[in-house]
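Okay, structure first, notes after.
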Number of protein chains: 2
Amino acid sequence: MVSLKDIASQCGVSVATVSKALNDHSDIGADTKERIREKAKELGYVPNAAAKSMKTNRTHNIGVLFMDDAMSGLQHDFFAGLLESFKRSVEREGYDITFISNDRSTPGRTSYLNHARYRRFDGVIIANVHFDDPEVVELVKSDIPVVTVDHIYNDTITILSDNVDGMNKLVDYAISMGHRKIAYIHGVDSSVTKARMTTFYKKMEEYGITVPSEYIVESPYRDTHGAYEQTLKLLELEDRPTCIFYPDDYASYGGLRAIAEKGLKVPDDISIVGFDGIRVARHIRPRLTTYRQNVDELGVLAARNLIDLIEKPKTTLVQQIMVKGKLLEGDTLKKLN
Amino acid sequence: MVSLKDIASQCGVSVATVSKALNDHSDIGADTKERIREKAKELGYVPNAAAKSMKTNRTHNIGVLFMDDAMSGLQHDFFAGLLESFKRSVEREGYDITFISNDRSTPGRTSYLNHARYRRFDGVIIANVHFDDPEVVELVKSDIPVVTVDHIYNDTITILSDNVDGMNKLVDYAISMGHRKIAYIHGVDSSVTKARMTTFYKKMEEYGITVPSEYIVESPYRDTHGAYEQTLKLLELEDRPTCIFYPDDYASYGGLRAIAEKGLKVPDDISIVGFDGIRVARHIRPRLTTYRQNVDELGVLAARNLIDLIEKPKTTLVQQIMVKGKLLEGDTLKKLN
DNA sequence: TTTAAGAACTTAAACGTTTTCGCAAGAATT
DNA sequence: AATTCTTGCGAAAACGTTTAAGTTCTTAAA
């Protein structure tokens with residue numbers, strides 16, 4: 001690999017001059033600069049990020065932490081979209097992204113924080129993890145600039161998908177279409193789904209509707225099978241709901257199956273509502289009535305805020321930023337009478 | 001950040017001794033080693049990857065290159081699965097992965113190869129790209145260890161999903177279920193789909209079936225709308241096929257829609273077959289008849305081969321490795337008579 | 001003409017490691 | 001008692017950069 005030294009000797013100048021010429025410092029003559037740059041190009045010089053980072057204490061590399069288990073890895077549509085948008089945004093500013101490895105079972109593995117320190121990440125984005133994991137907390141509390149997505153810590157910038165807005169819109173919509181008997185499948189084990197459920201209750205109350213307790217059931221987040229079973233139960237109720245809210249789009253496909261097996265039609269016999277707006281759903285019929293989270297915007301804002309925090313920590317304020325999504329009307333919710 | 005120097009001064013030994021102690025060299029006394037390690041832990045020492053890489057010429061970082069455009073980014077199920085498996089495998093061996101940025105529009109961007117050089121990646125995995133892109137070719141031809149997925153170059157290790165096997169199995173299956181009139185939607189613009197089409201023709205010929213030219217149509221890979229339109233055309237043929245092969249699972253959802261709009265039922269009126277075995281498909285009814293590529297195995301093998309190439313380049317042979325997938329029977333192909 | 005100021009470079013230290021070689025002292029071999 | 005071996009450690013160079021602080025010149029101001 002050709003280094004500054006090679007260019008320096010071939011140009012008959014010092015290494016310092018070469019460095020400054022390539023970094024366009026003002027104390028190098030225009031002709032010398034030109035000569036050095038020519039030579040650099042001719043030799044195919046590429047700077048060494050490692051060496052650079054040793055002097056500057058900046059790696060221009062951002063760590064990405066997210067969960068891997070079961071259904072929630074890269075293949076999680078929400079995260080994949082978020083990551084892609086984030087990646088694109090930071091790359092535009094000259095940053096790369098590297099995953100913080102999260103396989104807890106590897107022998108000799110190091111903590112998230114130590115991994116981040118080892119690579120000297122300029123900053124870290126955290127999404128889709130168990131936010132109460134001590135290792136995650138340790139990372140958040142460290143001196144490394146952090147942005148979290150969809151979870152609030154004190155003193156940390158957070159980009160939030162507006163779950164409250166989403167649930168409000170969905171309830172408004174269902175009510176406006178004449179539904180009163182709405183069942184709700186709560187996705188357990190996630191802080192975002194809690195916000196949704198609270199909103200659901202509150203909103204229904206505003207409409208003066210008391211939700212019978214048997215209309216509220218639980219099923220794991222993003223679990224089609226659980227949703228399938230809970231749906232069967234709901235369908236067997238004496239006073240069957242006219243509409244079922246699912247914790248996410250995946251879950252609602254489990255519901256669809258249960259409904260079909262019972263010989264019922266969506267939306268004629270029963271309406272269903274998802275949450276997320278996963279990409280594939282656009283291609284599949286019936287088109288799901290759901291709330292599409294604006295993952296693109298989440299990624300862009302996470303990138304913008306993290307980079308600001310890295311580059312101008314003094315002026316960047318710690319804040320929570322809400323991003324609204326969009327109601328997708330779809331074909332799975334019918335207007336009653 | 002605490003460095004070897006800090007440990008050295010606090011332990012009253014030289015930096016060299018600390019380095020050797022932590023790397024378990026044999027020429028340091030057991031008690032000294034112990035003392036140094038204690039102190040390192042006490043001070044919360046974390047090595048500096050950049051400094052280390054300068055001396056060792058190894059970064060333990062692998063570059064990932066893949067396409068971003070339209071439907072083929074991280075959100076491509078095939079790639080997401082491959083990446084996740086690859087990531088998990090290399091992490092187990094102490095490697096991290098960093099994306100090689102692929103936004104061609106960024107001003108001042110550098111080529112793929114230069115990006116890889118800048119970060120001094122130990123190796124690179126290339127998947128899902130335009131393999132004839134000059135920048136990709138340049139990267140492949142360079143001295144950086146490379147493994148490609150689903151595309152063959154000379155002198156490069158390639159892990160291939162066995163498209164030939166897949167198409168053979170699908171045709172065998174369709175034929176065994178009594179289908180003779182099979183239409184084929186060819187996914188243009190991809191080297192893997194070409195292999196499939198060739199196999200389709202050959203296999204049909206083996207069965208003594210001549211496929212009428214109007215049964216062969218084209219539509220972009222992973223394009224539901226194109227598949228929708230081509231399906232409509234196929235359905236309007238006088239001698240309508242009993243079964244349609246799609247270039248991929250996504251496309252087949254476009255087909256499903258067209259069929260439904262024509263008032264036909266799958267599989268009673270017409271059968272359809274996808275390709276890929278995307279994850280969501282498992283949750284959606286009807287269950288697609290398709291060929292599930294073994295993305296997990298692809299990732300594992302890509303990782304294994306790349307790491308071998310990095311760590312023992314002499315003994316690692318350049319080869320093409322085929323990975324077979326699995327026929328998923330699903331519910332979209334009916335037995336005739 | 002002296003002095004100050006600028007322009008264009010160089011020197012050298014530093015970042016945090018690894019590694020080769022050297023050296024001392026004790027142990028083992030003649 | 002003299003030699004060689006072994007063990008345990010340190011000195012110093014090197015990897016490729018950046019940057020503060022000099023050092024020459026040349027030119028402008030006094």
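When reading the values below, keep in mind they use all heavy atoms of this one structure, side chains included, and skip hydrogens, waters and symmetry mates.
Place B/Ala51 and B/Ile28 on DNA chain D by their nearest nucleotides, and B/Ile28 ends up nearer the 5' end. Between A/Pro47 and B/Gly29, it is B/Gly29 whose nearest contact on DNA chain D lies nearer the 5' terminus.
Salt-bridge annotation for A/Arg109 and B/Glu91: absent, with no side-chain N of the basic residue lying under 4.0 Å from a carboxylate O of the acidic one. Of the charged side-chain nitrogens involved, at least one lies within less than 4.0 Å of a carboxylate oxygen, so that B/Asp24 and B/Arg37 count as a salt-bridged pair. Looking at A/Asp308 and A/Lys314, no side-chain N of the basic residue comes within less than 4.0 Å of a carboxylate O on the acidic one, giving no salt bridge. Salt bridge absent: B/Asp77 and B/Arg222 never bring a charged side-chain N and a carboxylate O closer than 4.0 Å.
Rounding to whole angstrom units, NZ of residue A/Lys5 and C1' of C/dT10 are separated by 16 Å. Protein atom CZ of A/Arg120 is 19 Å distant from nucleotide atom P of D/dT17, rounded to whole Å. Remark: P of C/dT18 and CG of B/Asn57 are 13 Å apart, rounded to the nearest angstrom. Per the geometry, CZ belonging to B/Arg58 stands 14 Å off P belonging to C/dT18, to the nearest Å. Atom NZ of B/Lys52 and atom P of C/dT18 are 5 Å apart (whole Å). In this entry the distance linking CG of A/Asp31 with P of C/dA8 reads 8 Å, nearest Å. Protein atom CG of B/Asn48 is 18 Å distant from nucleotide atom P of D/dC15, rounded to whole Å. Here C/dA7 presents its C1' atom at 12 Å from NZ of A/Lys33, a figure rounded to the nearest Å.
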All N/O contacts under 3.5 Å from nucleotides 19-24 of chain C to the protein, with atom names and distances to one decimal?
none

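Sorted by first and then second residue, the pairs that involve residues 46-67 of chain A and meet salt bridge (charged side-chain N to carboxylate O under 4.0 Å, His left out), not counting sequence neighbours, are A/Arg58-A/Asp122. For residues 85-113 of chain A, the pairs satisfying ring pair (Phe, Tyr, Trp, His ring centres under 6.0 Å) are A/His60-A/Tyr95, A/Phe66-A/Phe99, A/Phe99-B/Phe99, with sequence neighbours left out.
Note: A/His151 and A/Phe131 have parallel aromatic rings, judged against thresholds of 30 and 60 degrees for the angle between ring planes.
Not a single side chain to side chain donor-acceptor pair (under 3.5 Å) links B/Glu138 to another residue, sequence neighbours left out. Applying the salt bridge (Lys or Arg N to Asp or Glu O under 4.0 Å) criterion to A/Glu38, with sequence neighbours excluded, gives no partner residue.
Nearest nucleotide to the A/Ser14 side chain, out of C/dT17, C/dT11, D/dT18: C/dT11. Side chain of B/Met54, nearest nucleotide from C/dT10, C/dT17, D/dC15: D/dC15.
End-to-end axis angle of the helix from C/dT1-D/dA30 to C/dT29-D/dA2, from C1' rotation axes over five pairs per end: 60° (rounded to 10 degrees).
For D/dC9, the OP1/OP2 oxygens have a side-chain nitrogen or oxygen of B/Thr32 closer than 4.0 Å. Dashed line: the shortest gap from a side-chain N or O of B/Tyr118 to OP1 or OP2 of D/dT17 is not under 4.0 Å.
Contact annotation for A/Val18: no contact, since no heavy-atom pair falls under 4.0 Å across all strands.
Atom-to-atom distance recorded for B/His25:NE2 and B/Ser19:OG is 6.0 Å, nearest 0.5 angstrom.
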